[in-house]
Amino acid sequence: MLNFNFYNPTHIVFGKDRLSELATLVPKNAKVLITYGGGSIKKFGTFDKITEALQGFEIFEFGGIEPNPQLNTCIKAAELIKENNIDFILAVGGGSVLDATKYISIAAKYEGDDYTSLIKHGFSPIPVEEAVPFGSVLTLPATGSEMNAFSVISHETGKYGIYSPLFYPKFSFLDPTLTYTLPKKQVANGIVDTFIHVVEQYITFPVDARFQDRTAEGILQTLVEIGEQTLNNPEDYDTRANFMWCATMALNGLIGSGVPQDWSTHMIGHEFTAKFNIDHGRTLAMVLPSLLRERKDKKEAKLLQYAERVWNITEGTSDKRIEAAIQETEKFFNRLGVATKISDYEIQKEELKDIVSQLESNGMVALSETGDLTLDVTERILENAY
Ligand code: NZQ
Ligand code: ZN
């Protein structure tokens with residue numbers, strides 16, 4: 001097992017009908033800014049439940065955070081905080097609202113005049129010392145943002161992954177019933193996103209990290225078990241609760257501790273969202289199968305373990321077992337209604353070279369757990385994914 005630090009201070013409040021406890025976790029007398037997206041929280045009554053729970057607090061609101069949140073939108077919220085001396089933010093929504101709120105929390109304390117400088121540090125800690133504290137009420141299980149210190153901000157033609165230890169929410173409310181109103185498409189996106197978060201921390205090379213491996217396999221098996229059920233029976237509490245907890249645990253640092261990680265699918269997928277505005281989860285599903293095929297020699301041991309322990313594939317040559325496991329993965333995504341080929345979207349083959357150029361200009365030229373997934377390899381992955 002590799003050396004690691006594990007630190008995660010986010011207080012999780014899990015379960016139904018618990019929003020009334022918000023007032024016990026928001027600091028007393030705080031001026032609270034509620035951040036949200038395109039309006040689903042108003043349409044489905046969540047906003048009212050929250051303002052009722054926060055009676056007595058001075059409330060401000062900032063809506064209109066778009067999926068794949070834009071830097072310029074976040075700056076407006078940061079200015080609102082500065083103008084009104086707001087001292088707590090409550091993010092209510094999916095990963096986009098959470099990620100935007102993280103950026104807003106540091107931008108509101110930023111004294112300089114170049115807000116873009118805050119998104120240019122990759123996954124090194126952003127050099128800031130202060131943030132407005134924030135908590136969240138999650139309405140879409142997918143990204144793990146509710147219990148991690150990452151954020152992804154879009155600006156002009158790029159998506160920027162950023163990190164700060166200040167980005168852990170103080171608390172996150174996970175109420176499965178608040179997710180019942182999700183469109184099927186978003187549920188499918190969330191299942192695929194969660195699945196691939198696990199895969200990118202698991203299908204690398206073995207380091208004898210048995211707890212991490214078995215936990216990763218447990219999450220993958222749970223998703224396979226409940227994926228279609230929760231998609232087709234959105235109000236079945238238990239399957240939705242299991243999905244929601246899987247999504248949080250998939251990317252809160254637990255299964256990634258002490259193991260190699262390969263975020264290539266995410267980095268390539270982000271470029272498809274930036275250029276074609278395709279939902280995050282969908283971009284991953286169209287890249288991963290081809291990437292696993294291309295990298296099957298480097299990932300052989302873990303792919304065979306994945307085949308056996310997640311899909312019960314034990315017969316045939318190594319090559320056959322690996323191919324069968326990749327096909328099972330594709331079929332699972334397809335059963336959720338998520339396509340696994342780039343050509344299933346309105347993308348011309350000639351446009352794939354733009355994705356490669358974008359990766360190059362963003363410095364994504366040596367991806368993977370071994371740092372040798374170079375642009376020529378990416379090009380092959382994309383051609384075979386078409
Ligand atoms: O904006 P509203 O009106 O709220 O509608 C949203 C949005 O249109 C809707 N929605 C959310 N909860 C709902 C609901 N509709 C009905 N009922 C509900 N309960 O769903 C749509 C998509 O929301 P969004 O937040 O964009 O989705 P998701 O949670 O998948 O987040 C995607 C973003 O997270 C980033 C992605 O890159 C993308 O920008 N990621 C963040 C990560 C992190 N912070 O660790 C890791 C991920 O890999 C990912 O990169
Ligand atoms: Zn993701």
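Counting starts at 1 for both ligands and their atoms, following the listed order. Keep in mind that the numbers below use all heavy atoms, side chains included, and drop hydrogens, waters and symmetry copies. Keep in mind that this is a model prediction, so the values were computed, not measured.
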Total protein N, O or S atoms, the Zn ion (ligand 2), separation less than 2.8 Å: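 Atoms of protein N, O or S type lying less than 2.8 Å from the Zn ion (ligand 2) total 4.
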Would you say the side-chain atoms of [X] and [Y] include a donor-acceptor pair closer than 3.5 Å?
| X | Y | value |
| --- | --- | --- |
| Arg321 | Thr314 | no |
| Lys31 | Asn84 | no |
| Asn334 | Thr340 | yes |
| Glu323 | Gln327 | yes |
| His155 | Gln70 | no |

Other residues, nucleotides, ligands: >12 heavy atoms within 6.0 Å of Lys170 NZ: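 Atom NZ in Lys170 is not crowded, with 12 or fewer foreign heavy atoms closer than 6.0 Å.
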Test applied, ring pair (Phe, Tyr, Trp, His ring centres under 6.0 Å); reference residue, Phe150; option that passes from Tyr103, Phe123, Phe167, Tyr160: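 Answer after filtering Tyr103, Phe123, Phe167, Tyr160: Phe123.
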When you pair each N or O of ligand 1 with protein N or O atoms, which pairs come out under 3.5 Å?
from: ligand 1; atom 1: 1 (O); to: Gly38; atom 2: N; distance (Å): 2.6
from: ligand 1; atom 1: 3 (O); to: Gly38; atom 2: N; distance (Å): 3.1
from: ligand 1; atom 1: 3 (O); to: Gly39; atom 2: N; distance (Å): 3.1
from: ligand 1; atom 1: 3 (O); to: Ser40; atom 2: N; distance (Å): 2.9
from: ligand 1; atom 1: 4 (O); to: Ser40; atom 2: OG; distance (Å): 2.7
from: ligand 1; atom 1: 12 (N); to: Thr139; atom 2: O; distance (Å): 3.4
from: ligand 1; atom 1: 12 (N); to: Thr139; atom 2: OG1; distance (Å): 2.7
from: ligand 1; atom 1: 17 (N); to: Thr181; atom 2: OG1; distance (Å): 2.8
from: ligand 1; atom 1: 19 (N); to: Thr139; atom 2: O; distance (Å): 3.1
from: ligand 1; atom 1: 19 (N); to: Leu178; atom 2: O; distance (Å): 3.0
from: ligand 1; atom 1: 19 (N); to: Thr181; atom 2: OG1; distance (Å): 3.4
from: ligand 1; atom 1: 25 (O); to: Gly95; atom 2: N; distance (Å): 3.2
from: ligand 1; atom 1: 25 (O); to: Ser96; atom 2: N; distance (Å): 2.9
from: ligand 1; atom 1: 25 (O); to: Ser96; atom 2: OG; distance (Å): 3.4
from: ligand 1; atom 1: 26 (O); to: Ser96; atom 2: OG; distance (Å): 2.5
from: ligand 1; atom 1: 29 (O); to: Gly95; atom 2: N; distance (Å): 2.7
from: ligand 1; atom 1: 37 (O); to: Lys159; atom 2: NZ; distance (Å): 2.6
from: ligand 1; atom 1: 39 (O); to: Asn68; atom 2: OD1; distance (Å): 3.0
from: ligand 1; atom 1: 39 (O); to: Lys159; atom 2: NZ; distance (Å): 3.4
from: ligand 1; atom 1: 44 (N); to: Asp99; atom 2: OD1; distance (Å): 2.8
from: ligand 1; atom 1: 44 (N); to: Asp99; atom 2: OD2; distance (Å): 3.3
from: ligand 1; atom 1: 44 (N); to: Ser145; atom 2: OG; distance (Å): 3.3
from: ligand 1; atom 1: 44 (N); to: Phe150; atom 2: O; distance (Å): 3.1
from: ligand 1; atom 1: 45 (O); to: Asn148; atom 2: ND2; distance (Å): 2.9
from: ligand 1; atom 1: 48 (O); to: His197; atom 2: NE2; distance (Å): 2.8
from: ligand 1; atom 1: 48 (O); to: His266; atom 2: NE2; distance (Å): 2.8
from: ligand 1; atom 1: 48 (O); to: His280; atom 2: NE2; distance (Å): 3.0
from: ligand 1; atom 1: 50 (O); to: His270; atom 2: NE2; distance (Å): 3.2
from: ligand 1; atom 1: 50 (O); to: His280; atom 2: NE2; distance (Å): 3.4

Leu352 vs Tyr386, side chain to side chain contact (heavy atoms under 4.5 Å, CB included): CA-CA, chis, key distance, verdict: CA-CA 9 Å; Leu352 296 180; Tyr386 192 80; 4.1 Å; yes
Quiz item: cation-pi between Lys102 and Phe134, 6.0 Å / 45°: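 Judged by the rule, Lys102 and Phe134 form no cation-pi pair.
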